[in-house]
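Data block below; observations after.
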2 protein chains.
Amino acid sequence: MENRCENCIIRQFNSLRALNKDELKKVSDSKISKKIKRGEALFIEGQKLDGVFCVREGVSKLSKLSSNGKEQIVKLTNRGEIMGQRSVIAEDFTNLSATAINDMEVCFIPKEIITNTLNSNPYFSLEVLRHMAHDLKEADDVIVNMSQKTVKQRLAEAFVYLKKNYGDDEEGFLSLTLSRDDYANIVGAATESLIRMISEFKKKGLIKTEGKKIGIVEEETLQELADGF
Amino acid sequence: MENRCENCIIRQFNSLRALNKDELKKVSDSKISKKIKRGEALFIEGQKLDGVFCVREGVSKLSKLSSNGKEQIVKLTNRGEIMGQRSVIAEDFTNLSATAINDMEVCFIPKEIITNTLNSNPYFSLEVLRHMAHDLKEADDVIVNMSQKTVKQRLAEAFVYLKKNYGDDEEGFLSLTLSRDDYANIVGAATESLIRMISEFKKKGLIKTEGKKIGIVEEETLQELADGF
DNA sequence: TGTAATAACTGATATATATCATATATTAAA
DNA sequence: TTTAATATATGATATATATCAGTTATTACA
């Protein structure tokens with residue numbers, strides 16, 4: 001029995017660490033491991049979820065499509081995160097779609113287990129609450145950035161964020177490779193505008209590129225740019 | 001004993017309704033009623049809160065100031081809402097400032113009561129969780145609107161929202177009177193740009209104005225405009 | 001392995017919105 | 001009430017970013 005939750009380090013990073021042995025056993029017994037290929041959806045906007053996803057490996061984007069076909073990425077998920085809790089807790093349709101950015105390994109946990117545990121274990125509720133409080137703060141920050149920063153500043157910020165959160169390889173390229181389209185949808189700009197800015201950053205020596213791959217060269221300057229200098 | 005929480009209808013609208021008699025008594029014994037004048041702050045960005053606020057009367061704006069002095073309003077609070085919970089739960093500094101838009105009456109509840117109850121009463125945690133889930137969804141929606149809608153669309157949406165949430169008076173003017181500056185900070189635009197749009201809406205007969213006051217004339221058209229037609 | 005499909009890139013131009021300047025109305029204060 | 005301070009309004013102009021059109025490079029696939 002290799003892949004039991006009891007032995008899974010991932011849970012240390014999320015609210016599942018508040019579960020006791022019994023609860024954890026129940027989760028482990030009912031969970032379903034899934035592999036999601038790059039580009040595939042975990043769930044889509046407006047769907048009703050009958051459980052949550054615990055991310056063991058890979059990165060996904062949470063996004064929303066507008067009527068004119070433009071996508072806005074609201075958040076990138078990290079390893080160890082639980083996805084879909086908002087919808088399960090509010091007993092609501094999902095307000096966002098989740099799409100794998102690279103190959104993912106997730107565990108699906110049926111909602112009954114989650115809601116039962118929420119009702120009985122206040123520590124678990126509190127943990128979930130803390131995580132959601134964190135998400136809410138980040139969302140507020142994004143709102144402010146969207147209205148007060150230029151696309152250039154947001155792009156600089158995104159680069160610094162990606163390096164900080166997902167690291168880079170031996171050659172100094174970001175480990176998480178996004179398409180130009182994804183970048184545009186994160187900073188909220190037209191793809192062409194964004195490509196132009198990447199070219200500009202490259203010309204100024206702030207970043208380097210090799211095909212899709214992007215490497216952060218002048219992290220501090222990018223940070224300053226993001227902060228408005 | 002008039003103003004005891006036990007007799008306060010307001011709590012039916014927020015997570016405090018999950019409290020049992022004993023818990024409610026404790027809250028009531030330790031709460032402090034406060035009157036906040038229009039323009040005064042309940043708390044400011046970066047502060048540490050030693051409690052939460054339960055809004056009995058009045059409206060406040062949650063906002064963040066940027067380095068260049070521009071303010072972004074993230075949310076308007078409603079009667080019955082609890083403010084400051086995110087910060088208390090995450091044991092974190094506030095990420096937003098709260099300022100009274102009109103005269104307010106709030107009850108301050110010390111954080112110990114809140115955290116103790118969160119630890120002992122899973123129903124309360126769950127209620128708080130549901131409210132935060134709702135806030136998070138709204139925040140996500142704002143992010144998407146900020147990036148995908150024009151200022152004009154966002155303004156139209158704001159008018160419809162204000163009418164729906166705060167109603168209007170006998171003469172058809174919005175009950176909640178905001179300054180042009182506040183409007184600009186809600187939709188994330190320069191004040192002059194916003195004023196111009198108000199003039200335009202007025203010219204087209206979508207709204208009417210009388211000094212600061214704004215009345216919604218063509219609600220449906222505004223809604224359509226907000227949705228992109 | 002070659003060809004189609006898709007993504008990345010660049011240029012020209014249009015447009016929404018910001019900024020600066022200034023006038024008028026409204027509110028606060030002396 | 002009169003003056004000062006602040007908010008609202010409008011015009012002219014600048015600027016960031018979107019849009020449209022087209023080219024080159026990559027990737028997928030038959």
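Reckoned from all heavy atoms, side chains included, excluding hydrogens, waters and symmetry mates. Here is the naming used below: chain letters follow the sequence lines, and residue numbers restart at 1 for every chain.
Side chains of A/S97 and A/S63: no donor on one and acceptor on the other come within 3.5 Å. Between A/T191 and A/D181, the side chains place a donor N or O and an acceptor N or O closer than 3.5 Å (distance only, hydrogens not considered). Side-chain atoms of B/N185 and B/E71 include a donor-acceptor pair closer than 3.5 Å.
One can place CD of A/E210 at 15 Å from P of C/dA8, the figure rounded to the nearest angstrom. Taking atom OH on A/Y183 and atom P on C/dA7, their separation rounds to 16 Å, with Å as the unit.
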For nucleotides 9-24 of chain C, 5' to 3', base contacts (B), sugar-phosphate-only contacts (S) and non-contacts (-) with protein non-hydrogen atoms under 4.0 Å give BBBB----SBBB----
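Among A/K34, A/R38, A/R79, the one residue that satisfies the salt bridge (charged side-chain N to carboxylate O under 4.0 Å, His left out) test with A/E57 is A/R79.
For the pair A/K208 and A/F173, the cation-pi criterion (under 6.0 Å, within 45° of the ring axis) is fulfilled.
Checking the phosphate oxygens (OP1, OP2) of C/dA8, a side-chain nitrogen or oxygen of A/K212 falls inside 4.0 Å.
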